[in-house]
Amino acid sequence: MQAKLALDIAMSDLARTFRGLKLWNTNHFKDLDSLPSTMTKLYSPSALDGLCLSSTSSEPVSSSSRSTGASSTDIELLPAEDCSTLHKVMSCLDEKKLDLINQKSIDSVRSIASRMIQAGFTERLRETFTDLSQELIRDFHILDSNWIFQCHSRVDEGDSCVGESMRLHYWNLASRFITRVLVEMRRRLNEADFGAFDELKGDYFAKIVEQPVSKLLNVASTSAALSKLLEEIPQGLVECVQSVFPRIIHALNTYSTLSDVVPTLLELVSPESRESISRESEAIQKKVEGVVNIIFGTLTDVMSASSPPETEDTDIHPVTKAVAEGIGSLLQHRVLLNLMLAHNCCRVHESVPAIESFNCLISGLIVHLESVLKRSCKGLLPKESQQYIFLLNNMHFILNQFKSSVIEEPTGHHRDWAIEHQRTIEHYMEEYIETSWAPVSSHLAAKDGKRLRFWGHSCAQQFNAAFRSVYADQRHWKVPDPHLRQTLRDNISRKLIPEYCEYLGKHQKVSKSLRISRQELEDLLSELFEG
């Protein structure tokens, strides 16, 4: 009994000694104490997106090799002196230059493990692993996501939405960085020779990473930050459009980060912890899906109800530019959005119908935009023909931005919304021609449709006067797109010139002073829509 008691005391002492060992070398990360202040200068929520992780090899892979649509890294936007330390650490991790194992502790670990395992106290040694998880965060503070969130209190405290958006940004940054460090720690641990402890390395590492992973995937704090994205959305139409898309990008980056890091984190933790981690991850993903759907619903509601800003000419409306810029920011996320929307289409979040796909999303926004533009031009542009030019300019602009980026639906059902909206543009062009130039050409024909044969001089005068009146009125209307401008001119020419030339051929005696030559007609038409 005395011998057993002495052995038990000796093993407890060894266990305490093991807990006190500094196995991990944290000196490489001391320079990152200034990281929070550096991170406050980061604007993009997609920084370090290039540090994606393979769920099978736990090695870094480029963002372009993944299908989540993650945006490219833009940490280069920082001044070199502000991010050189972060670059240096990440470069050393990628090149496997950091010796994260304290070499002086290896012999001690080997010796303690050999004695305790040989004495039958393997479980006593395992019991120390759980305590070491909290100690790891205390000693290796860059693994504590709360440490990185210190900078949250320094940024935009007066604007809760901006502050929480930045918190999500830091969470994305922290998740990728911490996961990358953990992967390198495991690799170094597996490479080292710990003798008898080698059989326990997997269990040891799985236990000590539980605290960092658990803090990282905190549903309550992440969900609260996501919910803040739904607050303080401006009601002004242009302001609303400009505000909601950055919020959506923040949410999508959170979804993308989860998709990238969670498979790796599941490999790092113990089997019994994987279910809870998967559950936490799924809860955050569902929250992101709901937030994105609600934001899009809010945007369409505002577009349906708000009064558009005033416009005085036929140029591109500010709301069109805002929608184009917003949708453009989503293009790099379109694969991720398609996956998320397909998964989300069976749900309804707070009575907001789910959007089925990225193509459906773009098509729906264009439909709402068209409605806004119609309301805008009817109240502010007095002439119907001017309204059609305005609609042509704006619809052509928005469609031209994205029709080359249309992708086929994942189900194989291709909703060719580009063709549908192209037909709308062609309809506006036809209506414009009929409204503006059909009355001009009508002076060359009798009311019953037969060509006039006896009133040539009168018809030529009427055509000339009508043409010059419309030309003078529309000459300075603006069509900024060169291709659309030339298409309009060509369509007007096809409407007027053949009939006019036919008329002149049948009425050659009409005085040259009363008629316009074909070349003069073409020259005048070539001056239209220059602004």
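Computed over heavy atoms, backbone and side chain alike; hydrogens, waters and symmetry mates excluded. The structure displayed is predicted, hence computed values, not measured ones.
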More than 12 heavy atoms from other groups under 6.0 Å of [atom1] on [X]:
X	atom1	result
R115	CZ	no
Q118	CD	no
E272	CD	yes

Determine whether [X] and [Y] make a side-chain contact, defined as any pair of heavy atoms from C-beta on separated by less than 4.5 Å.
X	Y	result
I101	N25	no
S243	E239	no
L330	L361	yes
R124	D8	yes
F177	L173	no
V261	I178	no
C240	L299	yes

Which distance, rounded to the nearest 0.5 Å, do you find between the [atom1] of [X] and the [atom2] of [Y]?
X	Y	atom1	atom2	result
N218	S221	CG	OG	3.5 Å
H368	S363	NE2	OG	10.5 Å
L337	R334	CG	CZ	10.5 Å
L136	I208	CG	CD1	5.0 Å
M11	T122	CE	OG1	10.5 Å
L23	S105	CG	OG	6.0 Å

Among side-chain atoms of S276 and S273, is any donor-acceptor pair under 3.5 angstrom? no
Lys/Arg N to Asp/Glu carboxylate O, [X] vs [Y], below 4.0 Å:
X	Y	answer
R126	E123	yes
R187	E191	yes
K207	E210	yes
K321	E325	no

Is there a donor-acceptor pair under 3.5 Å between the side chain of [X] and the backbone N or O of [Y]?
X	Y	answer
S376	V372	no
N400	H396	no
S259	Y255	yes
S371	V367	no
T222	V219	no
S256	L252	no
S114	S111	no
N102	K22	yes
W171	L217	no
S227	S223	yes

Go through it in stages, so that I can follow the logic: the residues are F296 and V244, the test is side-chain contact (heavy atoms from CB on, under 4.5 Å), and I'd like the CA-CA distance, side-chain angles, deciding distance and then a yes or no. CA-CA 8 Å; F296 278 128; V244 297; over 6 Å; no
Yes or no on salt bridge (charged side-chain N to carboxylate O under 4.0 Å, His left out) for K286 and E282, after CA distance, side-chain angles and deciding distance? CA-CA 6 Å; K286 288 180 180 178; E282 289 173 4; 5.4 Å; no
Hey, mind stepping through L331 and F358 against side-chain contact (heavy atoms from CB on, under 4.5 Å) and telling me if it holds? CA-CA 9 Å; L331 287 177; F358 182 74; 3.7 Å; yes
Taking the inter-plane angle between the rings of F197 and F129 on a 0 to 90° scale, is it parallel (under 30°), tilted (30 to 60°) or perpendicular (over 60°)?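 F197 and F129: perpendicular rings.
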Quick check: closest heavy atoms across [X] and [Y], and the distance to 0.1 Å?
X	Y	result
Q235	I233	NE2-O, 3.3 Å
R375	S304	NH1-O, 3.6 Å
L365	M303	O-CE, 3.9 Å

Would you check, one step at a time, whether the test side-chain contact (heavy atoms from CB on, under 4.5 Å) holds for L268 with V213? CA-CA 9 Å; L268 298 178; V213 173; 5.7 Å; no
With side-chain contact (heavy atoms from CB on, under 4.5 Å) as the criterion, how do R19 and L132 come out once you've worked through the C-alpha distance, each side chain's angles and the decisive distance to 0.1 Å? CA-CA 7 Å; R19 279 197 298 268; L132 289 173; 4.3 Å; yes
